[in-house]
Amino acid sequence: MQEKVPVEMIVRFTENGEIRPLKVIFGDKIYLIDKVYNKVLTTPKGAFGVALEYNCLINGRKKSIFFDRYNNIWYVFKQTKEDKPTPVYNPLNYKIE
């Protein structure tokens, strides 16, 4: 399961009005964005509405950062552990009720 986590960003506006993310501020740490691969308008899973997804290289790892244009919020998705029941070992696929 994924959890939507709002983050603080340092961005640059180009002369064409485009937004370029430069740094992500997550808690008390600042992460430099090395490269922005592409920008896509998408509907992310776990969030409502439409957001701009920036696929970036941050500290040598590919990450996605999202910008909700209507609420002016930057966010990332954090992987959360979900309590799943332990499956019953059933090698012969018998019906267990």
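Predicted, not measured: the structure shown is a model, and the values here were computed from it.
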Tell me whether [Y] is reachable from [X] by hopping between hydrophobic residues (I, L, V, M, F, W, Y) whose side-chain heavy atoms are closer than 4.5 Å.
{"X": "Val76", "Y": "Leu57", "result": "no"}
{"X": "Ile33", "Y": "Phe13", "result": "yes"}
{"X": "Phe77", "Y": "Tyr31", "result": "no"}
{"X": "Ile58", "Y": "Val36", "result": "yes"}
{"X": "Leu22", "Y": "Val24", "result": "no"}

- [ ] Compare all side-chain heavy atoms of Cys56 with those of Tyr37 and state whether any distance is below 4.5 angstrom.
- [x]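 In short, these two side chains do not touch, never coming nearer than 4.5 Å.
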TODO: Taking side chain to side chain contact (heavy atoms under 4.5 Å, CB included) as the test, write out the residues that go with Ile30, two or more places apart.
DONE: Lys23, Ile25
TODO: Hey, could you give me each pair passing side-chain hydrogen bond (donor to acceptor under 3.5 Å, both in side chains) that has a residue in residues 7-22? Not counting sequence neighbours.
DONE: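 Sorted result for residues 7-22: empty, none.
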Task: Heavy-atom pair of closest approach, residues Pro44 and Gly49 - done: CD-O, 4.1 Å
TODO: Decide yes or no on side chain to side chain contact (heavy atoms under 4.5 Å, CB included) for Tyr75 and Val5, but give the supporting numbers first.
DONE: CA-CA 5 Å; Tyr75 59 92; Val5 179; 5.9 Å; no
- [ ] Hey, could you give me the OG1/NZ distance between Thr42 and Lys39, rounded to the nearest 0.5 Å?
- [x]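 Thr42 OG1 to Lys39 NZ: 13.5 Å, rounded to 0.5 Å.
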Open item on the list: Test ring pair (Phe, Tyr, Trp, His ring centres under 6.0 Å) on Tyr54 and Trp74; report intermediate values, then the result.
Closed with: CA-CA 10 Å; Tyr54 289 85; Trp74 288 90; 5.5 Å; yes
- [ ] Let me see the working for Met9 and Ile73 under side chain to side chain contact (heavy atoms under 4.5 Å, CB included), right down to the final yes or no.
- [x] CA-CA 9 Å; Met9 296 289 296; Ile73 296 173; over 6 Å; no
Hey, can you pull the donor-acceptor pairs under 3.5 Å for the side chains in residues 62-70, sequence neighbours left out?
unit_1 : atom_1 : unit_2 : atom_2 : d
Ser64  : OG     : Glu53  : OE2    : 3.0
Ser64  : OG     : Asn55  : OD1    : 3.0
Asp68  : OD1    : Tyr70  : N      : 3.2
Asp68  : OD2    : Asn71  : ND2    : 2.9

